[in-house]
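Take a look at the structure below.
For the numbers below, each heavy atom of this structure counts, side chains included, while hydrogens, waters and symmetry mates do not. Only a predicted model underlies this, so the values are computations on that prediction, with no experimental measurement involved. When a residue number appears, it is its place in the shown sequence, counting from 1.
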Amino acid sequence: MNNFLQKLRNTMYKISYGRYGTDAFSKFLLCSGLGLFVIYLFSGFRVLYSLAIILLFYNVFRSYSKNYTRRRQELDVYLFYKGKFDKKFALQKRMWRERNTHKFFKCPNCKTVVRVPKGRGKIEITCPKCKTNFIKKS
């Protein structure tokens with residue numbers, strides 16, 4: 001039995017040698033595929049099953065690919081959009097945490113979120129990014 005496992009391990013090393021492997025995007029694809037599959041089990045909606053299988057097969061394809069440059073480009077795109085999502089989520093979390101002491105406004109010119117203290121009446125707010133002045137009630 002031990003000899004069989006050793007041969008299996010060596011075979012897997014030979015197959016995996018020179019392949020791209022797993023990264024953050026692969027983990028996202030795996031979790032998404034498994035999540036869709038679990039939802040399919042409870043709902044019975046066939047489209048979710050098909051989508052889950054596609055994501056899981058694409059994950060395997062990416063892991064065993066030898067095209068490093070293309071896989072790296074895919075990872076860069078994923079990390080770019082994940083960073084944007086994380087930044088928005090962090091802002092929403094901060095706005096919720098500070099909702100009792102501060103108000104948040106978007107600059108009408110550049111759409112930057114500006115934080116001002118609550119309870120100051122009408123104040124003139126200067127955007128730190130584009131230096132536009134606007135008046136709001138805090």
Side-chain angles (χ1 to χ4, degrees):
M1 181 69 177
N2 202 11
N3 192 21
F4 170 75
L5 292 177
Q6 186 67 28
K7 286 182 180 179
L8 181 64
R9 190 171 124 208
N10 289 339
T11 304
M12 290 306 294
Y13 280 146
K14 288 178 186 176
I15 291 172
S16 299
Y17 183 77
R19 307 297 177 158
Y20 185 70
T22 58
D23 57 10
F25 187 44
S26 294
K27 291 175 186 174
F28 171 75
L29 289 173
L30 179 65
C31 292
S32 299
L34 292 176
L36 287 175
F37 186 71
V38 168
I39 293 171
Y40 158 74
L41 290 176
F42 290 110
S43 70
F45 196 50
R46 291 288 287 181
V47 174
L48 292 178
Y49 176 76
S50 301
L51 191 56
I53 294 299
I54 289 170
L55 289 176
L56 292 173
F57 274 121
Y58 187 62
N59 179 32
V60 172
F61 165 76
R62 285 189 85 249
S63 296
Y64 286 101
S65 173
K66 288 187 176 184
N67 190 350
Y68 280 83
T69 55
R70 182 69 184 134
R71 302 293 84 82
R72 183 63 194 189
Q73 288 172 348
E74 292 170 353
L75 177 64
D76 289 342
V77 169
Y78 166 74
L79 291 176
F80 174 76
Y81 285 111
K82 183 181 180 297
K84 288 179 83 169
F85 175 79
D86 289 347
K87 190 175 180 181
K88 266 191 180 176
F89 184 72
L91 176 64
Q92 291 298 322
K93 187 176 173 182
R94 181 178 181 198
M95 288 170 67
W96 179 257
R97 189 176 56 239
E98 297 178 1
R99 69 187 182 281
N100 294 328
T101 58
H102 292 84
K103 275 197 144 186
F104 293 82
F105 298 104
K106 277 191 178 180
C107 172
N109 190 29
C110 67
K111 308 299 184 218
T112 300
V113 177
V114 180
R115 182 182 78 141
V116 295
K118 265 188 172 180
R120 305 288 175 154
K122 280 192 175 182
I123 56 172
E124 183 177 4
I125 303 166
T126 303
C127 174
K129 190 173 183 181
C130 67
K131 307 299 185 215
T132 302
N133 293 327
F134 55 99
I135 298 174
K136 293 283 184 177
K137 183 180 177 191
S138 68

Do [X] and [Y] belong together in a cluster built from hydrophobic side chains that touch within less than 4.5 Å?
X: Val47; Y: Leu36; result: yes
X: Leu51; Y: Phe25; result: yes
X: Ile53; Y: Tyr58; result: yes
X: Leu79; Y: Phe28; result: yes
X: Val38; Y: Tyr49; result: no

Locate the shortest heavy-atom distance separating [X] from [Y]; write the atom from each residue and the value.
X: Phe104; Y: Glu98; result: CZ-OE1, 3.6 Å
X: Arg19; Y: Tyr68; result: O-OH, 2.8 Å
X: Cys110; Y: Cys107; result: N-SG, 3.5 Å
X: Cys130; Y: Asn109; result: SG-ND2, 3.6 Å

About how many Å separate [atom2] of [Y] and [atom1] of [X], when rounded to the nearest 0.5 Å?
X: Asn133; Y: Ile123; atom1: CG; atom2: CD1; value: 11.5 Å
X: Arg94; Y: Arg115; atom1: CZ; atom2: CZ; value: 4.5 Å
X: Leu75; Y: Arg71; atom1: CG; atom2: CZ; value: 11.0 Å
X: Ile125; Y: Lys136; atom1: CD1; atom2: NZ; value: 7.5 Å
X: Lys118; Y: Thr101; atom1: NZ; atom2: OG1; value: 8.0 Å
X: Leu55; Y: Leu34; atom1: CG; atom2: CG; value: 10.0 Å

Check whether any side-chain N or O of Ser63 sits under 3.5 Å from a backbone N or O of Asn59 as a donor-acceptor pair, and report yes or no.
-> yes
Just by modelled atom types, is the Gln6 backbone N or O under 3.5 Å from a matching donor or acceptor in the Arg9 side chain?
-> no
Answer yes if the side chains of Tyr20 and Glu74 hold a donor-acceptor pair under 3.5 Å, and no otherwise.
-> no
Does a sphere of radius 6.0 Å around OH in Tyr64 hold more than 12 heavy atoms from other residues, nucleotides or ligands, not counting ones at 6.0 Å or beyond?
-> no
Does the side chain of Arg62 reach to within under 4.5 Å of the side chain of Asp23, using non-hydrogen atoms?
-> yes
Fit a plane to each ring of Tyr40 and Phe37, take the angle between them on a 0 to 90° scale, and name the class: parallel (under 30°), tilted (30 to 60°) or perpendicular (over 60°).
-> tilted
